[in-house]
Amino acid sequence: MVDMAMHMMDIAQNSIRGDAKNIHISFFEDCDSNILLFSVVDDGKGMSDEVLSRLDDPFFTTRTTRKVGLGIPLLKMTCEQGGGSLSVQSKEGFGTTVEATYRTDNPDCLPLGDIAGYLTMLLVANPHVRIRFSYKINSEEFMLDNAELSEQGIELLQPGVAGLIKTFIKENLEELYSYRTVKDFLC
Amino acid sequence: MKEIKTLADLKKKQEEMRSRIKLRDSAENPESFVQVKVAMATCGIASGAKEVMEYFVDELDKRSIRAIVTQTGCMGYCYAEPTVEITLPGKDPIVFGYVTVKKAGDIIEHYIKEGELVDGIIPQNYNTIKS
């Protein structure tokens, strides 16, 4: 994983595989403390304590198609290499919360990457999952909710709309990035 | 592309686009759609599955091929990522491995449009002939 956007897709894919109907992806940059908080909260089937305790073992997976499970271990690695941390809470039957903290003043902090592109693919590929995305820098926020999109009559699956959504997200995020008060290693 | 900042802009653009593209009838049943599933687990993402998926979404739109592009988990062929499973209407699904953007172009051109098989098929499902 070379950027944050890849982790976002990876962790969200875990939620989708866990039959989540609601996924909330959020990024929060706090320029005062140089912290980026990335979290994915879902209401999927959750994990038992036993699974949870083996979560950061790369040779543990619930899949039967292969013997390794690298998503969470890689996320943990990229957080920790830059002085951050990862926490995963889960309750069987209720859902999972993954929270990764990055230090944006650390040169080993991952770049953000193509958030707009990944988010668009996530929305287009999963029209039946409610996906809420928010990106907050200090007190400025950009929010996107696919339930709201469809309320407004925007049909994600109509030909050509994916490109429009991507541009929409990209332009809003770029405006948001201009509110950063410190220079950091995210871009 | 001109600015799309608000949901209203987005909606307007969509309307413009709708009038430009001849709207294909939604009465068709989804069975008649080409289904493209891109493997998007850790292995797929790391190998560039997103670029391939974006390419499929854009290119199928451009060529007016009715298709549903979705993402799926790892199919167990991590060595051959990015992998894509394609189901043509009325046919068995076929899994293609090592799908780069260039390869995706070949798949659309030859398999999806003409039904000709191209290189890189992973023999995932096959039926034995019963005598």
Side-chain angles (χ1 to χ4, degrees), chain A residues 1-3 5-14 16-17 58 61 63-75 113-114 117-118 120-122 124-128 144-145 148-149 151-172 174-175, chain B residues 1-18 20-24 26 30 33 36-58 60-79 124:
Chain A
M1 302 285 133
V2 295
D3 56 43
M6 287 185 169
H7 279 306
M8 176 182 86
M9 178 57 120
D10 197 12
I11 303 303
Q13 170 66 33
N14 285 350
I16 291 160
R17 205 173 144 255
T61 178
R63 285 173 197 281
T64 50
T65 53
R66 54 167 151 81
K67 289 180 181 157
V68 292
L70 299 178
I72 294 281
L74 284 174
L75 178 64
D114 185 12
Y118 276 100
T120 308
M121 288 300 115
L122 205 55
V124 169
N126 305 286
H128 304 300
L144 188 79
D145 180 345
E148 197 187 336
L149 287 181
E151 252 171 48
Q152 297 278 332
I154 294 159
E155 292 160 41
L156 284 161
L157 297 180
Q158 190 191 309
V161 172
L164 298 179
I165 303 255
K166 186 176 169 180
T167 315
F168 169 70
I169 300 169
K170 209 171 171 170
E171 286 184 359
N172 277 286
E174 263 157 26
E175 192 194 316
Chain B
M1 197 175 279
K2 267 195 226 119
E3 286 204 2
I4 311 175
K5 267 289 170 55
T6 61
L7 283 180
D9 295 346
L10 191 59
K11 172 113 176 132
K12 208 168 131 225
K13 285 276 174 195
Q14 179 187 289
E15 304 280 312
E16 281 172 30
M17 189 161 269
R18 195 192 302 240
R20 244 185 299 141
I21 302 172
K22 202 171 80 215
L23 201 62
R24 278 150 276 163
S26 56
F33 286 26
V36 180
K37 285 186 191 164
V38 183
M40 264 290 180
T42 315
C43 45
I45 296 169
S47 324
K50 189 213 58 167
E51 281 71 25
V52 174
M53 190 173 169
E54 281 183 331
Y55 181 82
F56 270 110
V57 171
D58 288 352
L60 292 169
D61 277 357
K62 262 187 222 155
R63 295 178 192 225
S64 307
I65 297 169
R66 238 1 193 162
I68 303 174
V69 183
T70 53
Q71 63 183 75
T72 164
C74 174
M75 296 187 257
Y77 308 107
C78 309
Y79 62 93
Q124 184 200 29

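First the proteins, then the strands, lettered A, B, ... as listed; each starts at 1. Values below: every heavy atom of this structure, side chains too, minus hydrogens, waters and symmetry copies.
- When heavy atoms are compared at a cutoff of 4.5 Å, A/Ile169 does not approach chain B at all.
- No side-chain heavy atom of B/Asp58 sits under 4.5 Å from any side-chain heavy atom of A/Lys166.
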So B/Val69 and A/Val124, side chain to side chain contact (heavy atoms under 4.5 Å, CB included) or not? Walk me through it. CA-CA 8 Å; B/Val69 183; A/Val124 169; 5.5 Å; no
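- Here A/Glu171 contributes atom CD and B/Leu10 contributes atom CG; the two are 10.5 Å apart, rounded to the nearest 0.5 Å.
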Worked check of side chain to side chain contact (heavy atoms under 4.5 Å, CB included) between B/Gln71 and A/Ile16: CA-CA 10 Å; B/Gln71 63 183 75; A/Ile16 291 160; 4.0 Å; yes
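- Residue contact with chain B, scored on non-hydrogen atoms closer than 4.5 Å, is absent for A/Lys170.
- The choice from A/Gln152, A/Arg17, A/Gln13 that makes the most heavy-atom pairs within less than 4.5 Å of chain B is A/Gln13.
- Note that the CG atom of A/Asp114 and the CD atom of B/Glu54 stand 6.0 Å from one another [nearest 0.5 Å].
- Neither the backbone nor the side chain of A/Asn14 has a heavy atom closer than 4.5 Å to any heavy atom of chain B.
- With a 4.5 Å cut-off on non-hydrogen atoms, A/Leu122 touches chain B through its backbone and its side chain both.
- Using a 4.5 Å cut-off between heavy atoms, B/Val57 touches chain A through its side chain atoms alone.
- In this structure, chain A has a heavy atom under 4.5 Å from the side chain of B/Cys78, while its backbone stays farther away.
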Begin from the C-alpha positions of A/Met1 and B/Thr42 and carry the test side chain to side chain contact (heavy atoms under 4.5 Å, CB included) through to its verdict. CA-CA 8 Å; A/Met1 302 285 133; B/Thr42 315; 3.4 Å; yes
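- If you tally non-hydrogen atom pairs under 4.5 Å between each of A/Met9, A/Glu148, A/Glu175 and chain B, the highest count goes to A/Met9.
- Rounded to the nearest 0.5 Å, atoms CD1 (A/Ile165) and NZ (B/Lys13) are 13.5 Å apart.
- Here the CZ atom belonging to A/Phe168 is positioned 13.5 Å from the NZ atom belonging to B/Lys11, to the nearest 0.5 angstrom.
- Between the side chain of A/Asn172 and the backbone N or O of B/Lys5, at least one donor-acceptor pair lies under 3.5 Å.
- B/Leu7 is listed as a side-chain neighbour of A/Leu149, based on a closest heavy-atom distance under 4.5 Å.
- Within the 4.5 angstrom heavy-atom criterion, atoms from both the backbone and the side chain of A/Glu155 approach chain B.
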